[in-house]
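Encoded as structure tokens, the structure appears first; notes follow it.
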Amino acid sequence: MKTIKFSGLISLITLGLLFSCKTVSQWEGQGPIQIIETTDQPITFQTKQKFEAGEGVYFSNELEGARLNGVTRINDTLIQVTILPENQPINPSPWYGFKLWSKESKEFWIQFTYGGIGFHRYFPKFSRDGVSFANVDSTDFFYLKQTKGDQN
């Protein structure tokens, strides 16, 4: 009787080990990059300008490499910025840059919109001196999931 129980226990352990083992698939990386030629597409140049968002808050795309196409104050705590590509098709992860300042210290949220063309893949970065950049604190950034029909 002990032999049967012991071999039953061994069988159970063996079965458990077999079913708990799984094959580990190796990550194969990103697939081939598809290069899309855009040299024959028209380029939409942006107007270099300063944007007044009201209440003493300003934005500007007047710097090298900046991309900022519009600024709209939604309410007293939310300002929407619009970033549009220079041509299409485009990588859906927009590159942007702009200056932001205010006459006095203020707290508000910035909502990034991309005209239905792109989406966020990384935390935004900021700089106080234009030289050293750091990621925005993750507790100060959140991503709203898009709902069907939402283009931003």
Sort out for me which residue in I110, V136, N135 forms a side chain to side chain contact (heavy atoms under 4.5 Å, CB included) with P124.
V136

ILVMFWY cluster, I79 and L84 together (side-chain gap under 4.5 Å)
no

Do E62 and S60 get their side chains close enough for a donor-acceptor pair, meaning under 3.5 Å?
yes

For the pair K106 and E104, find out whether any cationic side-chain nitrogen is under 4.0 Å from an anionic carboxylate oxygen.
yes

CH2-CG distance between W109 and L78, expressed to the nearest 0.5 angstrom:
10.0 Å

Looking only at heavy atoms, what is the nearest atom pair of V131 and S127, with distance?
N-OG, 3.5 Å

Shared hydrophobic cluster, Y114 / L100 (ILVMFWY, side-chain heavy atoms < 4.5 Å):
yes

Qualifying residue, where the test is side chain to side chain contact (heavy atoms under 4.5 Å, CB included) with F51 and the options are V57, V71, V81:
V71

Looking at N69 and Q46, what are the two nearest heavy atoms and their distance?
ND2-CB, 3.6 Å

When you check the side-chain N and O atoms of T113 and T82, is any donor under 3.5 Å from an acceptor?
yes

Calculate, to the nearest 0.5 Å, the distance between atoms NZ and CG belonging to K50 and L68 respectively.
14.0 Å

Run the side-chain contact (heavy atoms from CB on, under 4.5 Å) test on R67 and N61 for me, step by step, so that the C-alpha distance in whole Å, both residues' side-chain angles and the decisive distance to 0.1 Å come before the verdict.
CA-CA 6 Å; R67 195 76 189 167; N61 62 5; over 6 Å; no

Pair K99-Y58, side-chain contact (heavy atoms from CB on, under 4.5 Å): steps then yes or no
CA-CA 8 Å; K99 291 180 185 178; Y58 300 90; over 6 Å; no

Ring geometry between F59 and F98 (parallel below 30°, tilted from 30 to 60°, perpendicular above 60°)
tilted

Distance col, row N75:CG vs T77:OG1, nearest 0.5 angstrom, shows 4.0 Å

